[in-house]
Amino acid sequence: MIKIENLNYKYAHQNKLTLNDLTLQVPAGQWLAIVGKNGSGKSTLARLIDGLLETPSKTIWVDGLEVNTENIATIHQKIGFVFQNPDNQFVGATVAADVAFGLENRQVSSSEMPKVIEQALTLVKMQAFRDRAPEQLSGGQKQRVAIAGALALKPQLLILDEATSMLDPEGRKDVLTQLAKLRDQGELTIISITHDPDEVALADQVAVLDQGKIVKQASPAVVLNDQSLIQRIGLVQPFSLMLRDQLKARGIKVPTNYLGKGALYEWINQQLATKA
């Protein structure tokens, strides 16, 4: 779905490269989490993929199309983009009107539109708020609406730029679970920029950016188990790792490989059953 080759990018007001000779591929139907410190180039990369910034020629392809002025309209039909601040893309007078805005631009028929809006809002559990005005919503609720608006367009690629950061833990879990289902059904390729370890754990691959370069690309288990790397890039240590370290400090022999919360709880239950 995404191919990037030898991408260099520098903002006009800066002396050094924001992205430095970056090469990356994202297969269709996979979820790539991009992590790194603030200023490492994560958001710049996302905006270049979507053509929001002028992309250097012959460096980025989306579904086989080079990202350039000639192809940008077609590429935008394939991509849904959700920003960190939902106020930046909330344009409707109500929740339903905001989701409808993108559908109107795609010339979806008025007879089909209510069904599509309802389906998208149901995915993020915002259907009960369809007639609410934006000023009546919390930041997390606005983020849900922004995600619903992107999903309503049925993109092939969804780019989330810290798009779950304002959600409460339960809301984040709900949204990420729905996105994982869409990925598993083969309906969606996802690129998520995040500092949330639970979001990282759902991805198929993790790319670690540091000073404009990918310094590591591996499975979530490999990246999240690298504690020195996690600390260096400012990623919050997963709860399961903190619990594992506490158990280890008490002299309990624990697995050295990364285990998510569910897997670690299962391991603990097995140990308790064995000793019973």
Side-chain angles (χ1 to χ4, degrees), residues 1-5 7 9 11 18-19 22 24-34 41-92 95-110 112-113 115-117 119-121 123-124 134 142-164 175 178-179 182-183 185-194 207:
M1 178 58 68
I2 304 293
K3 184 173 77 169
I4 303 173
E5 290 187 349
L7 171 62
Y9 188 82
Y11 289 97
T18 300
L19 296 172
L22 189 146
L24 176 69
Q25 291 192 12
V26 184
Q30 287 206 0
W31 186 332
L32 175 73
I34 301 177
K42 304 186 300 296
S43 292
T44 299
L45 176 58
R47 284 160 171 75
L48 286 167
I49 292 171
D50 193 49
L52 295 173
L53 297 173
E54 186 175 353
T55 304
S57 64
K58 299 190 184 303
T59 56
I60 302 178
W61 291 261
V62 174
D63 197 25
L65 294 173
E66 182 186 350
V67 179
N68 55 29
T69 53
E70 180 182 348
N71 296 326
I72 198 63
T74 303
I75 287 171
H76 280 164
Q77 298 282 320
K78 299 175 181 288
I79 299 177
F81 199 120
V82 186
F83 296 91
Q84 180 177 10
N85 186 349
D87 288 322
N88 290 343
Q89 58 190 117
F90 211 114
V91 296
V95 166
D98 190 73
V99 177
F101 179 78
L103 298 173
E104 290 168 349
N105 288 338
R106 295 279 180 91
Q107 299 181 333
V108 175
S109 68
S110 57
E112 184 184 357
M113 202 177 294
K115 178 183 176 182
V116 176
I117 293 171
Q119 288 174 338
L121 290 176
L123 282 173
V124 298
K142 289 179 182 177
Q143 276 195 323
R144 287 180 184 235
V145 175
I147 293 169
L151 291 176
L153 301 175
K154 294 182 170 49
Q156 293 173 250
L157 169 66
L158 180 66
I159 301 176
L160 305 169
D161 189 357
E162 300 279 5
T164 63
V175 169
Q178 290 298 331
L179 293 178
L182 292 173
R183 182 271 314 270
Q185 292 166 5
E187 298 180 15
L188 199 59
T189 303
I190 301 172
I191 294 177
S192 63
I193 296 168
T194 183

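Quick caveat: nothing in here was measured; it's all calculated off a predicted structure.
- To the nearest 0.5 Å, the span separating NE2 on His76 from CG on Leu52 amounts to 5.5 Å.
- Separation of atoms CG (Leu158) and CD1 (Ile147) is listed at 7.5 Å; rounding is to 0.5 Å.
- In this structure, the side chains of Gln77 and Arg106 come closer than 4.5 Å at one or more pairs of heavy atoms.
- When side chains are defined from C-beta on, Phe81 does not count as touching Ile49, because their heavy atoms never get closer than 4.5 Å.
- When side chains are defined from C-beta on, Ile4 does not count as touching Leu48, because their heavy atoms never get closer than 4.5 Å.
- Within the 4.5 Å cutoff, the side chain of Val62 has no heavy atoms near those of the Asn71 side chain.
- Contact annotation: the side chain of Val145 approaches that of Val99 to within less than 4.5 Å [non-hydrogen atoms, C-beta and beyond].
- Summarising the geometry, atom CD1 belonging to Ile60 is positioned 6.5 Å from atom CG belonging to Leu45; distances are rounded to the nearest 0.5 Å.
- Here the straight-line distance linking atom CD of Glu66 with atom CD1 of Ile72 works out to 10.5 Å at 0.5 Å rounding.
- Using a 4.5 Å heavy-atom cutoff, the side chains of Leu65 and Lys78 are in contact.
- Inter-residue side-chain proximity for Leu24 and Leu32 is flagged as met; some heavy-atom pair is nearer than 4.5 Å.
- Side-chain atoms of Asp98 come within 3.5 Å of backbone N or O of Val91 as a donor-acceptor pair.
- Atom NZ of Lys42 sits about 9.0 Å away from atom CD1 of Ile34, to the nearest 0.5 Å.
- You'll find the side chain of Trp61 reaches within 4.5 Å of the side chain of Glu5, heavy atoms only.
- Between Pro155 and the choices Leu188, Ile190, Thr189, the side-chain contact (heavy atoms from CB on, under 4.5 Å) rule is met once, by Leu188.
- Within a 6.0 Å sphere centred on CD of Gln185, heavy atoms belonging to other residues, nucleotides or ligands number more than 12.
- Legend: residues meeting side-chain contact (heavy atoms from CB on, under 4.5 Å) with Thr59, ordered by chain and number and at least two apart, are Leu7, Thr55, Pro56.
- The side-chain contact (heavy atoms from CB on, under 4.5 Å) test applied to Ala163 returns Val82, Leu160, not counting sequence neighbours.
- The shortest heavy-atom contact between Gln84 and Gln143 is O-NE2, 3.0 Å.
- Separation of atoms CG (Leu123) and CG (Leu179) is listed at 8.5 Å; rounding is to 0.5 Å.
- Residues Ala152 and Leu103 approach most closely at O-CD2, 3.6 Å, considering heavy atoms.
- In this structure, Ile117 and Ala96 approach most closely via the heavy-atom pair CD1-O, 3.8 Å.
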Start with the C-alpha gap between Leu22 and Tyr9, add the side-chain angles, then the distance that decides, and say whether side chain to side chain contact (heavy atoms under 4.5 Å, CB included) holds.
CA-CA 9 Å; Leu22 189 146; Tyr9 188 82; over 6 Å; no
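- Every pair passing salt bridge (Lys or Arg N to Asp or Glu O under 4.0 Å) that includes a residue from residues 149-161 is listed here, sequence neighbours excluded: Arg47-Asp161.
- Across all non-hydrogen atoms, the minimal contact from Gly80 to Ala150 is CA-CB, 4.3 Å.
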